Number of protein chains: 2
Amino acid sequence: MGKPCILVVDDDKEIVQAIAINLQKEGYDVRKAYDGLQALDIISTQSIQLVILDIMMPNLDGLSAVLKIRQEKNIPIIILSAKSEDSDKILGLSMGADDYVTKPFNPMELMARVKSQIRRYMTLGDMNTADKPNILKTGGLWFNPDTCEVTVDGEPVKLTATEMRILELLMRNPGRVFPAEEIYERVWNEPAYNVENTVMVHIRRIREKIEINPKEPKYLKVVWGIGYKIEKI
Amino acid sequence: MGKPCILVVDDDKEIVQAIAINLQKEGYDVRKAYDGLQALDIISTQSIQLVILDIMMPNLDGLSAVLKIRQEKNIPIIILSAKSEDSDKILGLSMGADDYVTKPFNPMELMARVKSQIRRYMTLGDMNTADKPNILKTGGLWFNPDTCEVTVDGEPVKLTATEMRILELLMRNPGRVFPAEEIYERVWNEPAYNVENTVMVHIRRIREKIEINPKEPKYLKVVWGIGYKIEKI
DNA sequence: CATATTTCTTAAGAATTTCTTAAAAGGAGG
DNA sequence: CCTCCTTTTAAGAAATTCTTAAGAAATATG
C-alpha cells in the first residue's frame, strides 16, 4: 500500500528539514507544515500515518493541535518539545499524544520511536482503517486508498487500478499541477517518452467517471500547457 | 470489558510495589513478576493488556524478554531502565517495545505513558483472542478465529489452515484491499517473490468454499490490478 | 478572423492480469 | 514406508485494461 507518510510540524524550518531527511532515509514519505493550522489542513485532506509535532508554534498551539488531530484521525502523534518538565510530558500524553520527545533530541532515537509507533499502528491498526479511514476529500469527491473506494456525492464510482493511482497522486497534492510527464513517471515508475496522449486518455476516462459534466470538469482540471490538477475545494 | 490488566516486571520488589499501587489508583488490575521467565509464564497464561518491564533482570534479560513477548502477544510494552544512553533506548524500541522510560522516573509520567498506550491499544481494537470470544462477521459469513469455525448462512464450512489465515486477515480488515504480495507476506511471514499465483489459487479455493457462486463472489472480491478484499456488509 | 497549437474523443487491437484446471511437490500421521 | 491431505507450480483460457493513432474540438495567438 505504499510507504507510510509522515507529517512533520515545526515552525523551525531547519528542524523540519533535518527530520524530513532522516525520515526519507528510512523510506518514509514526508509532508511538512510550519504551523498548526497548516498541519490540520494537510491531515484532513491527505493520507497521513503519523505526525511529529512541535508543541510551541504560532497560530495554533501544539497541544490544541494534538486534540484536534485526535478528534479527526486516530493516527500516532509524537510531540516534540523544548519543555522537559515532567508536567509537560504528562499534559502532552494525556492530550492524546503517543510519545513525547524533548529537544534537543538524538535523531536516531526519534527514528526508533517513529518506527515503533508505525509498527504498532500497522500491525494492530488495520481495523482502524475501517473505523477512521484516511480518506482523501475534495468537495463531493472522496477517495479511500485503503479500500479503493471512490464516491462522488456519495455515489460509488468504479475506477481501474491505473485510474486510481493517478487520482491518488493528484488528490494527495490538491491544487498542485502535474505535467503529464510527471504523472506518467510517478504512476508507471518508468521514464516518460511520448506518453502525453496515454495520460490524457486516462484523464479523460477518470473525468467520465467522476465528473457530472466531463466537458466542464469540477474536480479534475487542466492548466493549459502545463498539466492537470485536482481542484482544492 | 473489565479493567485493563497490567503486568509489572522488575527484580526490585519495592519498585514493583510502588508502581502497582499507582496503577491500582488509576483503576487498573495489576500482576507482578520479579524476573523474565516468571513474566513470560504470566503473559502466556493470563490476560494481560500491557507490560511494564525492567530490562536489567536475572534469568532472562529484559531485551530478550521483549522479543519473546512480541512473538507471543501483540500487547504494548513499556521498558523501564536505569540506562539512559540513547543507544539503549534505540535498541529497546527496535526490539519491539512501545515506550522507554529511564530510572529514576516520575510516577505520574509513567502513568501518563501507560494511559496513552492503553488508549491506543483499546481504540485500535486489537482483540486479545484469549480475552473475548471474537467472532468476525460480514453478512452471512461468520468466522471464529478461536475455534476455527467458519459458517456461511449458518452452514459450517471446512477451511484449511492457510485458507483460514488468509480469511482472518481479510475479515479483520473488512473493505480494505490487500495486494497478493501483502497477503503472502503476512500469512506466510516470508518475503513475497513470484507468489501471486499461489495466493490466487488459495483465494480461488476459499471462494469455492464460502461463495454460493464463486464466479460472482459476494464476500471475497477482487479489485483489478490491486488486490483482494472482504466486502463490508 | 484566420491560423497554429494544444487538448479531447473515439474505437480497435495489444498487452496485461486474473481465472481455471490439472498435476507435481511437500508434510503429517499411521 | 505408505497414504492422504495440503500447498505450490505451471500453462492455457478468459476477461479486462491499456495503448495507439487519427480526426474533432477547443483555445491561444497574431
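Residue numbers begin at 1 in each chain, while the letters A, B, ... track the order of the sequences. Keep in mind it's a predicted model, so treat the numbers as computed, not measured.
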Distance below 4.0 Å between [X] side-chain N/O and [N] OP1 or OP2:
{"X": "Tyr228(B)", "N": "dC19(C)", "value": "yes"}
{"X": "Arg204(B)", "N": "dT20(C)", "value": "yes"}
{"X": "Thr198(B)", "N": "dT9(D)", "value": "yes"}
{"X": "Thr160(A)", "N": "dC18(D)", "value": "yes"}
{"X": "Arg207(B)", "N": "dT20(C)", "value": "no"}

[N] [atom2] sits how many Å from [X] [atom1], rounded?
{"X": "Ile203(A)", "N": "dT10(C)", "atom1": "CD1", "atom2": "P", "result": "17 Å"}
{"X": "Ile226(A)", "N": "dT7(C)", "atom1": "CD1", "atom2": "P", "result": "10 Å"}
{"X": "Trp188(A)", "N": "dT17(C)", "atom1": "CH2", "atom2": "P", "result": "13 Å"}
{"X": "Lys158(A)", "N": "dA15(D)", "atom1": "NZ", "atom2": "P", "result": "14 Å"}
{"X": "Met164(B)", "N": "dT6(D)", "atom1": "CE", "atom2": "C1'", "result": "12 Å"}
{"X": "Leu159(A)", "N": "dC18(D)", "atom1": "CG", "atom2": "C1'", "result": "15 Å"}
{"X": "Lys209(A)", "N": "dT16(D)", "atom1": "NZ", "atom2": "P", "result": "13 Å"}
{"X": "Glu196(A)", "N": "dA21(D)", "atom1": "CD", "atom2": "C1'", "result": "15 Å"}

Under 4.0 angstrom, heavy atoms only, what part of the nucleic acid is Arg205(B) near: base, sugar-phosphate, or nothing?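 Contact class for Arg205(B): base.
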Once you apply a heavy-atom cut-off of 4.0 Å, does Val222(B) come out as touching a base, just sugar-phosphate, or nothing?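 Sugar-phosphate only.
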Rounded to the nearest 0.5 angstrom, the CD1-NE2 distance for Ile183(A) and His202(A) is 11.0 Å
Selected nucleotide, minimal atom distance to Val201(A) side chain, candidates dT7(D), dC8(C), dT20(D):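 Within the option list, the nearest is dT20(D).
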Checking the side chain of Lys137(A) only, and the main-chain atoms of Phe143(A) only, is there a donor and an acceptor separated by less than 3.5 Å?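 Such a contact is absent between Lys137(A) side chain and Phe143(A) backbone.
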Taking for each residue the nucleotide of DNA chain D bearing the nearest heavy atom, is the 5' side occupied by His202(B) or by Trp224(B)?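 Taking each residue's closest nucleotide, the earlier one in sequence belongs to His202(B).
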First encountered from the 5' end of DNA chain D, between Asn197(B) and Arg165(A): Asn197(B)
Using a strict 4.0 Å threshold on nitrogen-to-oxygen distance, state whether Lys218(A) and Glu211(A) make a salt bridge.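 No, no charged N to carboxylate O under 4.0 Å.
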Electrostatic pair Lys32(A):Asp10(A) at N-O distance under 4.0 angstrom: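 Answer for the salt bridge query: no.
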Return whichever of Val223(B) or Met200(A) has its heavy-atom-nearest nucleotide of DNA chain C closer to the 5' end.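 Between the two, 5'-proximity favours Met200(A).
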Establish, from distance only, whether the side-chain atoms of Tyr219(B) and Thr138(B) form a donor-acceptor pair under 3.5 Å. no
